[in-house]
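One structure below.
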Amino acid sequence: MTAKTGKNYWLMKSEPDVFSIEDLAKAPKKTTHWDGVRNYQARNFMRDSMKIGDMVFFYHSNADPSGIAGVAEVVKEGYPDFSAFDPKDVHFDEKSDSKNPTWMMVDIKHVETFKNLLPLEELRKSSALKDMVLLQKGSRLSVQPVTAEQWQAVLKLAKSKLA
DNA sequence: GCCAACGTTGGC
DNA sequence: GCCAACGTTGGC
């Protein structure tokens, strides 16, 4: 899906009750490792396609309201998700072998928090965004690609809300 | 809290 | 390899 040169764009979901964009902004070096993803498609994106410098929309799911909260960037490429090896971790996976890890993650760094969160409802109104993976019926992929056109359209929407 | 849609598991 | 049962996601 992303076998081209240049920057790629992504969207990553997090429940703000668990980890919000404010948490990311306050984290040491404004950076966190994106652990806990236990879905193969999302894993593949992090393992194979996300590159340093790629840009990420930080999406708040299960929130009031849900929507895009801001922007982050990839600062470390795919490496083993060590939370899978820790029996005390909620994301522990007994089937993941540390010598041949099943689950991978990346590190992302805070870039910007939108002044106003861009709610899902607004995104749905935009014809430029109708093909976004996020907006497809039944879509629940937690790490997903965003096209350059969609990226620009979202930024434009975010800016228009500043007034 | 409800529930539709999805991904995974496991019996056969 | 099918598919029912189950667990999870995530909007509302």
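As the structure is a computational prediction, the values presented were derived from the model and not from experiment. We name chains A, B, ... by the order of the sequence lines, and we start the count at 1 in each one.
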For this session: Quick one: sort the W103(A) and Y40(A) rings into parallel, tilted or perpendicular, breaks at 30° and 60°.
Result: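 Tilted: the ring planes of W103(A) and Y40(A) meet at 30° to 60°.
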For this session: Sort and list the pairs that fulfil side-chain hydrogen bond (donor to acceptor under 3.5 Å, both in side chains) and have at least one residue in residues 125-142 of chain A, not counting sequence neighbours.
Result: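 For residues 125-142 of chain A: none.
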Exercise. Name the one of F45(A), F58(A), W34(A) that satisfies ring pair (Phe, Tyr, Trp, His ring centres under 6.0 Å) with W10(A)?
Worked result: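 The passing option is F45(A).
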How long is the span from the [atom1] atom in [X] to the [atom2] atom in [Y], to the nearest 0.5 Å?
X: L157(A); Y: I68(A); atom1: CG; atom2: CD1; answer: 8.5 Å
X: Y59(A); Y: S14(A); atom1: OH; atom2: OG; answer: 11.5 Å
X: R47(A); Y: T102(A); atom1: CZ; atom2: OG1; answer: 10.5 Å

Exercise. Quick one: does P145(A)'s side chain get under 4.5 Å of N8(A)'s, heavy atoms only?
Worked result: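 No. Closest side-chain heavy atoms not under 4.5 Å.
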For this session: Would you jot down, in residue-number order, the residues of residues 58-71 of chain A having a non-hydrogen atom under 4.0 Å from DNA chain C?
Result: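 Going residue by residue through residues 58-71 of chain A, the ones with a heavy atom under 4.0 Å of DNA chain C turn out to be Y59(A), S61(A), N62(A), S66(A).
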Problem set entry | Residue met sooner reading DNA chain B from 5', once K95(A) and S139(A) are mapped to nucleotides |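 This one resolves to S139(A).
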For this session: Run through I52(A), D107(A), D54(A) and flag the one making a side-chain contact (heavy atoms from CB on, under 4.5 Å) with V75(A).
Result: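 Exactly one candidate clears the test, D107(A).
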Exercise. Mind checking which nucleotides bracket the chain A contacts on DNA chain B, 5' to 3', with an atom under 4.0 Å from a heavy atom?
Worked result: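 Under 4.0 Å from chain A, the extent on DNA chain B is dA5(B) to dT9(B).
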